[in-house]
Protein chains: 4
Amino acid sequence: MTRSAPIAARGPFGQQAHELGKSARTRARLMDAATGLFARQGFEAASVNEIAKVAEVANGTFYAHFRDKEEIAGAVAFRIAEEVVRQLDAAMAEVDEAVERTSMATRRFIDLAASEPDWGGALFRAVWEFRDLREGVITYLRADLQRGVTQGAFTTEIDDVLIDTFSSMTLGALFSRLQGTHGPEAACRVAELQLRMLGVPAARAKAAAWREIPPLRLTIIPLAKGG
Amino acid sequence: MTRSAPIAARGPFGQQAHELGKSARTRARLMDAATGLFARQGFEAASVNEIAKVAEVANGTFYAHFRDKEEIAGAVAFRIAEEVVRQLDAAMAEVDEAVERTSMATRRFIDLAASEPDWGGALFRAVWEFRDLREGVITYLRADLQRGVTQGAFTTEIDDVLIDTFSSMTLGALFSRLQGTHGPEAACRVAELQLRMLGVPAARAKAAAWREIPPLRLTIIPLAKGG
Amino acid sequence: MTRSAPIAARGPFGQQAHELGKSARTRARLMDAATGLFARQGFEAASVNEIAKVAEVANGTFYAHFRDKEEIAGAVAFRIAEEVVRQLDAAMAEVDEAVERTSMATRRFIDLAASEPDWGGALFRAVWEFRDLREGVITYLRADLQRGVTQGAFTTEIDDVLIDTFSSMTLGALFSRLQGTHGPEAACRVAELQLRMLGVPAARAKAAAWREIPPLRLTIIPLAKGG
Amino acid sequence: MTRSAPIAARGPFGQQAHELGKSARTRARLMDAATGLFARQGFEAASVNEIAKVAEVANGTFYAHFRDKEEIAGAVAFRIAEEVVRQLDAAMAEVDEAVERTSMATRRFIDLAASEPDWGGALFRAVWEFRDLREGVITYLRADLQRGVTQGAFTTEIDDVLIDTFSSMTLGALFSRLQGTHGPEAACRVAELQLRMLGVPAARAKAAAWREIPPLRLTIIPLAKGG
DNA sequence: CATGAATGAGCATTCATTCAT
DNA sequence: GATGAATGAATGCTCATTCAT
């Protein structure tokens, strides 16, 4: 069977593996493959055999790197979340105001996830399925919300229900984006609604949430040598 | 294999089947069984064989009543949604103010669904999986939100993103309730946050959302004769 | 369930049952239904449930009349063969010459069976599957062939292989007719080839086999009262 | 479970697999198993599980080698037909006279197929079920018949009905051989009848069809190492 | 006799996982 | 590490057959 191009090697994990050993590269390819398949078909429907085929390794090889499907799902989710949080954090390093930080975080999270549907889909599923991961992301969120209270911008208590609700709103919008139900403006609208909910005056909420912000895209470093 | 009691016969569908024919009773038991399993494991993971086993019928019997898994899922979802909407609607027949209607709907929807975890879980999955069903429920929601605008209580436009976001908030809270993450007060808190988001002043939102309301429970008619 | 017309009651067995008791009529309807289904889908693929549904009786009723699927298949085959032989025999009562009898038998058998595809198909399957039935039909055939030898028209010995081969030729042509591979003239051609094989001079064979013969159709007596 | 001998490894495909890889050997065993079962029970009645059991592999293994039952049936049929045609063709390479070729083809086809009942049975079913395969074999037949006309030996037109009828005669005889109804002489007798049908004078037909011909057997290379 | 719900073995097929090479 | 053939339990679904009514 001749397969002309090592497509799988193009994914984000594979790409960062250019100077790793063969073993790490294989692992990266498996994660790339899994990312795409989980996102497109969900965890249940993606078979290990298919992951291996897309990764262009023998199916048995999968088990040299991951104990089972569960494990690779966790690894994929963790890796994505890590990356997303890292980029989000970097992009907001110099923003102080909680109103800005909060709306930017929501908008960028959605845009980021939607810009790379494989990642976004997998991330969505992952946040859904792995409570731990959710907790991780939430830590950042809580800090920003708390900051808003301290700054006097938010007028409601930052409790667990608020955090969960805030997250649900963001994830709901992401889901609609991924489904194609709503366009890019949905992110702004949700951010606006979140600010309103937090107690930001309507006009201020609208202004902040719809303000133009420089686009952000997942940086992708091409693989030096394919496969 | 020791199975202590005909559990399946206890479900809400089976219970209403006390004077139906044998066939309808079996169908009801299958729906009860499916309801529980879909709620606990989701549509994919619940196998027809297991549904049949829980319903205490032979696996082939399933197919005398439903064409396939898809069909029973639809039947379960429809039946639950119907019931929930019916009860919600009845309970709010005499409430005119949108602020009250909106917060009551959210709170009661969550309480109702959480009071019968099987139903609630299945409903949650169903709303998730069957867009049609979601649309149906949303119709009621949109009407109440629009009413709030007309009454001057809500200060934001009622667009699709708002509706989706509102739904996400409710479903998110329901999910947490079903998971045990939050207690009954979560429903009030979310209702409050929704009102804030819609533009209701903080004090009014809090008052309306936390006001004591008479409890509502899915009425369950016990089976006259077990099995 | 409202089903407008008792279609099944229109079949040849049902039709002759107009003055029989209810039980016999049910049996006839089952046989009609089975005839059609066996012919269209074969013995394996026709399910008892479907036979019962087409016959418009409950599936359990089937077993009040036939021990199993095998038995109804035998009954159907036997009944058809009987009818075909009866009609063939009647139509040739006054033909004495073996050359005529032989070619007429082949042609009429094919035409008859092809004229009523349900019957024909079932007959074909049956002859194939039930050796006994084949033997029955063959008795007539052997008599005619023997007669030809006695009359000096056929120059080859009438042994078992000849009989089988003769039958294969006829059945092969019937099969092609039922498949639509060949048209009505195939029956003549096969009859001609059979005569040649038996030793009839080419010209005589051709003349006899292609001579116009009055058409023959399975007589169908309509049911006095449907159902 | 006591299973006395690895029967499956004895089949013609398995036997030629002695120096193939493990995968090819398993495939061969599956084809051997399928050949026997198709021949004995027909395509419908032979289950994949049974094929796997006879081949002494797990049922899932089947699907690593064939997409479905259809595919293995095609593979078996093709392989057999190919082999039979190849051997038949080789054996008649130097025979020029159509009378000889025709009768030899019929006799050898029957003998060959009957000599290896599994193959023969499967071949019979296959010719029956796969029109394509039939067409392939028929091409050779048509050429020989045409040659007879050219040589002035056959006095009838070579049309489609003739070809079909000729085939039916051969297949009918093969069927009887496989059933045990007739002995080896049936092949000669049918060949004789075919020649008579084609217009060969009775004496010549008899002489040609019953002439001693060197036996031919499907060459079978024993497996070097069992299993 | 007729009914039709119920049965349960059986079927084709999938897939996570193992293991000899 | 990597391979890929093999495994076998499990799944959705069909259907001949039984039996209480």
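Note that the structure is a prediction, hence the values are computed from the model and not measured. A note on names: the letters A, B, ... follow the listed sequences, proteins ahead of strands, and every chain is numbered from 1.
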Atom [atom1] of [X] to atom [atom2] of [N]: distance rounded to whole Å?
X	N	atom1	atom2	answer
A:Glu56	F:dA2	CD	C1'	15 Å
D:Asn49	F:dC13	CG	C1'	14 Å
D:Lys53	F:dT7	NZ	C1'	16 Å
C:Glu70	F:dC15	CD	P	17 Å
C:Ile51	F:dA16	CD1	C1'	11 Å
A:Glu44	F:dA10	CD	P	15 Å

### Range on DNA chain E touched by chain C, heavy atoms, distance below 4.0 Å
E:dC1 to E:dA5
For [X], check side chain to side chain contact (heavy atoms under 4.5 Å, CB included) against everything at least two apart and list the hits.
X	answer
D:Ser47	D:Asn49, D:Glu50
C:Ala122	C:Thr35, C:Ala39, C:Val76, C:Ile80
B:Val57	B:Thr26, B:Leu30, B:Ala52, B:Ala55, B:Thr61

### Query
Where do B:Ile51 and B:Ala33 come nearest, in terms of heavy atoms and distance?
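The answer is O-CB, 3.5 Å.
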#### Entry: Heavy-atom closest pair, residues C:Ala75 and C:Arg27
CB-NH2, 4.1 Å
List in chain and number order the residues that pass side chain to side chain donor-acceptor pair (under 3.5 Å) with [X], two or more places apart in sequence or in another chain; answer none if no residue qualifies.
X	result
A:Asn59	none
A:Glu70	none
A:Glu44	none

### Query
How does DNA chain F look in dot-bracket notation if pairs are Watson-Crick or G-U with both distances under 3.5 Å, crossing ones as [ ], other-strand ones as |?
.||||||||||||||||||||
### Query
Taking the nucleotide of DNA chain F with the closest heavy atom to each, which residue, D:Thr26 or B:Ser47, is nearer the 5' end?
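Comparing both residues, the 5'-ward one is D:Thr26.
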### Verdict with supporting geometry, A:Arg67 and A:Ile72, side chain to side chain contact (heavy atoms under 4.5 Å, CB included)
CA-CA 8 Å; A:Arg67 197 168 356 90; A:Ile72 200 175; over 6 Å; no
### Pairs satisfying salt bridge (charged side-chain N to carboxylate O under 4.0 Å, His left out), at least one member in residues 57-66 of chain D, at least two apart
none
### Message
Just to be sure I understand the rule, does A:Val48 reach a base, reach only the sugar-phosphate, or reach nothing, if contact means heavy atoms closer than 4.0 Å?
### Response
base
### Query
Which comes earlier along DNA chain E counting from the 5' end, the contact point of D:Ala46 or that of C:Val57, where each point is its nearest nucleotide?
C:Val57
### Query
Could you give all pairs that pass the ring pair (Phe, Tyr, Trp, His ring centres under 6.0 Å) test and reach residues 38-61 of chain B, with sequence neighbours left out?
B:Phe38-B:Phe43
### Message
Near DNA chain E, counting only heavy atoms under 4.0 Å, which residues of residues 58-68 of chain B show up?
### Response
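Contacting residues: B:Ala58, B:Asn59, B:Gly60, B:Thr61, B:His65.
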